[in-house]
Structure formats: C-alpha cells, structure tokens
Participant: 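So that we are looking at the same thing, I have put the structure below in structure tokens.
Computed over heavy atoms, backbone and side chain alike; hydrogens, waters and symmetry mates excluded.
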Amino acid sequence: MRTLSQILRRVPVWVVYVLGLLPAPWLFYLGLTGGLGVEPIEALEHRYGELALQLLIIGLAITPLHRQFRLNLIKFRRAIGVLTFTYVSLHLLVWLVLDVQVPSEIWADILKRPYITVGMAAFALMVPLALTSNDWSVRRLGIRWRKVHKLVYPVAILGALHYVMLAKGFQIEPLIYLVVILALLALRLPFSGMFQRSRQADIR
C-alpha cells in the first residue's frame with residue numbers, strides 16, 4: 001500500500017477531475033444517439049445518479065482506507081466531492097429539463113413523491129458542501145468547516161434511500177449501495193476506532 005500511495009501522490013488532482021468528468025458528455029451523447037435504450041432520458045437520469053452515488057462511496061472510503069491500510073487518497077477528496085455534486089446536479093437537471101419539463105409540476109412532484117422529497121433533501125444538504133469546497137472557505141470557517149462537511153453523512157444516507165425508494169420492486173443493487181454506505185459510516189463510530197486499536201495491539 002505504501003508503494004501505491006507513493007505512486008498516487010505523484011498524480012495531479014486535475015487528472016481526477018478530467019477522468020471523473022469524461023462519462024458526463026459520453027453518456028449524453030449515447031442518449032442522443034440511441035445508445036441508452038428505448039427510454040434514454042430515464043437511463044441518462046439513472047446513470048448520472050448512480051455515478052454520483054459511486055463517487056460518494058469513494059469519498060467516504062478515503063478515511064477508512066487511510067486508517068486501515070495507510071492508503072493515502074486524501075488529496076483527491078475535494079475533487080471527488082466536487083465531482084459528486086456535479087453528477088448529482090446533472091441527475092437533477094435531466095429530471096427537471098428533460099423529464100418533468102413543466103415547471104408547475106416540479107414542486108408538486110417533490111411533495112407528492114417521497115423518493116423525490118428524499119432526493120431533494122440530499123441535494124439541499126449538498127449545496128453548502130459544494131459552496132465551501134475551496135481554500136477560502138476553509139480559512140474563513142476554521143474549525144466550523146469540518147462541522148459543515150459532516151453533512152456528507154446524512155447526504156450519503158439520503159442518497160442511498162432515494163435510490164432504494166426509486167427502484168421498482170425488489171432490486172438488490174440499490175440495497176447493496178445502502179449497505180456499503182452504512183458500513184462506511186459505521187467505521188467512523190467510536191467503537192470501530194477501539195476495535196482498530198485493539199487489533200493493532202494484538203499484532204504487536
């Protein structure tokens with residue numbers, strides 16, 4: 001892991017942004033050319049949302065990977081967070097502009113459909129995270145910056161619940177996302193740190 005961390009340390013952050021953004025125009029192109037099936041709007045909306053969840057999981061995994069395996073990806077955390085917000089925004093824009101289309105129906109759908117209510121709550125909590133993902137905010141907010149960015153925890157749970165509620169019938173994939181997110185959050189609980197220290201003591 002140390003060798004891998006040394007290799008990753010040499011990778012510029014802009015590479016993560018470029019690679020992370022590549023799927024966005026490609027998926028849109030596939031939607032325009034029929035590459036996403038008979039319901040391209042629904043498929044595009046789903047793909048963007050799923051990419052956002054995957055990036056969110058990667059972001060949540062950075063701290064456990066560093067603690068458990070000494071794999072240091074911390075310098076990429078901000079880029080992954082910004083990319084997550086980007087794909088959530090694209091997911092929302094596809095729903096607003098291409099799916100619903102009628103502005104008067106947007107608010108009605110948010111109130112009427114619980115999975116949309118949950119999804120919009122997650123997006124609302126992500127906005128302050130996106131707005132403060134810069135060096136100026138870190139300096140300005142000081143210790144409060146960390147408190148603000150703990151909003152990522154309820155965002156992750158709400159995002160996974162949104163996917164589970166959106167699924168038609170019983171589907172295992174959304175449940176896997178939810179379980180993985182809950183497991184990554186559980187690793188941040190106090191007892192997990194005690195277990196890690198106990199395990200390290202046993203190794204010694």
Participant: So, for V100 and I106, which heavy atoms are closest and what is the spacing to 0.1 Å?
Facilitator: CG1-CG1, 3.9 Å
Participant: Check the side chains of T63 and R77 for a donor-acceptor pair under 3.5 angstrom, ignoring hydrogens and angles.
Facilitator: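 A pair is found: one side chain offers a donor N or O, the other an acceptor, under 3.5 Å apart.
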Participant: Are the side chains of E42 and L36 in touch, meaning some heavy atoms are under 4.5 Å apart?
Facilitator: no
Participant: Distance from E45 atom CD to L90 atom CG, nearest 0.5 Å?
Facilitator: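 Reported value, rounded in 0.5 Å steps: 11.5 Å.
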Participant: About how many Å separate CZ of R139 and CG of D135, when rounded to the nearest 0.5 Å?
Facilitator: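 Separation between the atoms: 6.0 Å.
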Participant: Working to the nearest 0.5 angstrom, can you tell me the gap between L51 CG and T86 OG1?
Facilitator: 11.5 Å
Participant: Ignoring hydrogens, what is the shortest heavy-atom contact between P64 and L187? Give both atom names and the distance.
Facilitator: CB-CD1, 3.7 Å
Participant: Heavy atoms only: give me the nearest I181-A160 pair and the separation to one decimal.
Facilitator: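 It is CD1-CB, 3.8 Å.
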Participant: Would you name the heavy atoms of S137 and L131 that are closest together and state the gap between them?
Facilitator: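 Residues S137 and L131, closest heavy atoms: OG-O, 3.6 Å.
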Participant: I need the minimum non-hydrogen distance between S133 and R78, along with the two atoms involved.
Facilitator: O-CD, 3.6 Å
Participant: Report yes if the side chains of T117 and L111 come closer than 4.5 Å at any heavy-atom pair, otherwise no.
Facilitator: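 In short, these two side chains do not touch, never coming nearer than 4.5 Å.
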Participant: Within a strict 4.5 Å, meaning less than it, do heavy atoms of the L175 and V164 side chains meet?
Facilitator: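 They are in contact (side-chain heavy atoms under 4.5 Å apart), so the answer is yes.
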Participant: Tell me whether V138 shares a hydrophobic cluster with W136, the cluster being built from Ile, Leu, Val, Met, Phe, Trp, Tyr side chains joined at under 4.5 Å.
Facilitator: no
Participant: Are any side-chain N or O atoms of W145 and backbone N or O atoms of T132, one a donor and one an acceptor, separated by less than 3.5 Å?
Facilitator: yes
Participant: Tell me if a side-chain donor or acceptor on R47 pairs with a main-chain N or O of P23 at a distance below 3.5 Å.
Facilitator: no
Participant: May I ask you to test the M165-P174 pair for a side-chain heavy-atom distance under 4.5 Å?
Facilitator: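 The answer is no, as the side chains (C-beta and beyond) never meet within the 4.5 Å cut-off.
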Participant: Quick check: does any side chain N or O of Q101 sit under 3.5 Å from a backbone N or O of L98, one acting as donor and the other as acceptor?
Facilitator: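 Pair found, side chain donor or acceptor close to backbone of L98.
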Participant: May I have the step-by-step check of side chain to side chain contact (heavy atoms under 4.5 Å, CB included) for I110 and W107, ending in yes or no?
Facilitator: CA-CA 5 Å; I110 292 172; W107 185 247; 4.1 Å; yes
Participant: Where do Y48 and S89 land on the side chain to side chain contact (heavy atoms under 4.5 Å, CB included) test, with the steps shown first?
Facilitator: CA-CA 9 Å; Y48 283 154; S89 299; over 6 Å; no
Participant: Run the ring-centre check on Y17 versus W14 and record whether the distance is less than 6.0 Å.
Facilitator: no
Participant: Going from CG on L92 to CD1 on I116, what distance comes out if it is rounded to the nearest 0.5 angstrom?
Facilitator: 10.0 Å
Participant: Measure the shortest side-chain to side-chain distance between F76 and V11 over non-hydrogen atoms and say whether it is less than 4.5 angstrom.
Facilitator: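 With C-beta onward as the side chain, the pair touches.
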Participant: Compare every heavy atom of L158 with every heavy atom of V118, then report the nearest pair and how far apart it is.
Facilitator: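 Minimum heavy-atom contact is CG1-O, 3.3 Å.
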Participant: Check whether any side-chain heavy atom of Y153 sits under 4.5 Å from a side-chain heavy atom of R188, and report yes or no.
Facilitator: yes
Participant: Do L129 and F85 have side chains that get closer than 4.5 Å, going by heavy atoms?
Facilitator: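 No, too far: nothing below the 4.5 Å cut-off.
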Participant: Test your reading of the model: is there a side-chain donor-acceptor pair from K75 to the backbone of V13, 3.5 Å cut-off?
Facilitator: no
Participant: What about V179 and L161, same hydrophobic cluster or not, with Ile/Leu/Val/Met/Phe/Trp/Tyr joined at side-chain heavy-atom distances under 4.5 Å?
Facilitator: no
Participant: Rounded to the nearest 0.5 Å, how far apart are CD1 of I80 and OG1 of T84?
Facilitator: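 One gets 7.5 Å once the value is rounded to the nearest 0.5 Å.
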Participant: Does any N or O in the side chain of Y163 come within less than 3.5 Å of the main-chain N or O of E50, such that one atom is a donor and the other an acceptor?
Facilitator: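 A pair under 3.5 Å: no.
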Participant: If hydrophobic clusters are built from ILVMFWY residues whose side chains come within less than 4.5 Å, do V94 and L22 share one?
Facilitator: yes
Participant: More than 12 foreign heavy atoms under 6.0 Å from NZ of K150: is that the case here?
Facilitator: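 Atom NZ in K150 is not packed in, count stays at 12 or less.
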Participant: If two hydrophobic side chains count as joined below 4.5 Å and joins carry through other members, does L96 share a cluster with V102?
Facilitator: no
Participant: Do the side chains of K147 and L141 get nearer than 4.5 Å, heavy atoms only?
Facilitator: no
Participant: Is it possible for you to say whether Y29 and V38 belong to one hydrophobic cluster, with membership spreading through side-chain heavy-atom contacts below 4.5 Å?
Facilitator: no
Participant: Just say parallel, tilted or perpendicular for the rings of H162 and H91, cut-offs at 30° and 60°.
Facilitator: perpendicular
Participant: Rounded to the nearest 0.5 Å, how far does CZ of F28 lie from CG of L30?
Facilitator: 11.0 Å
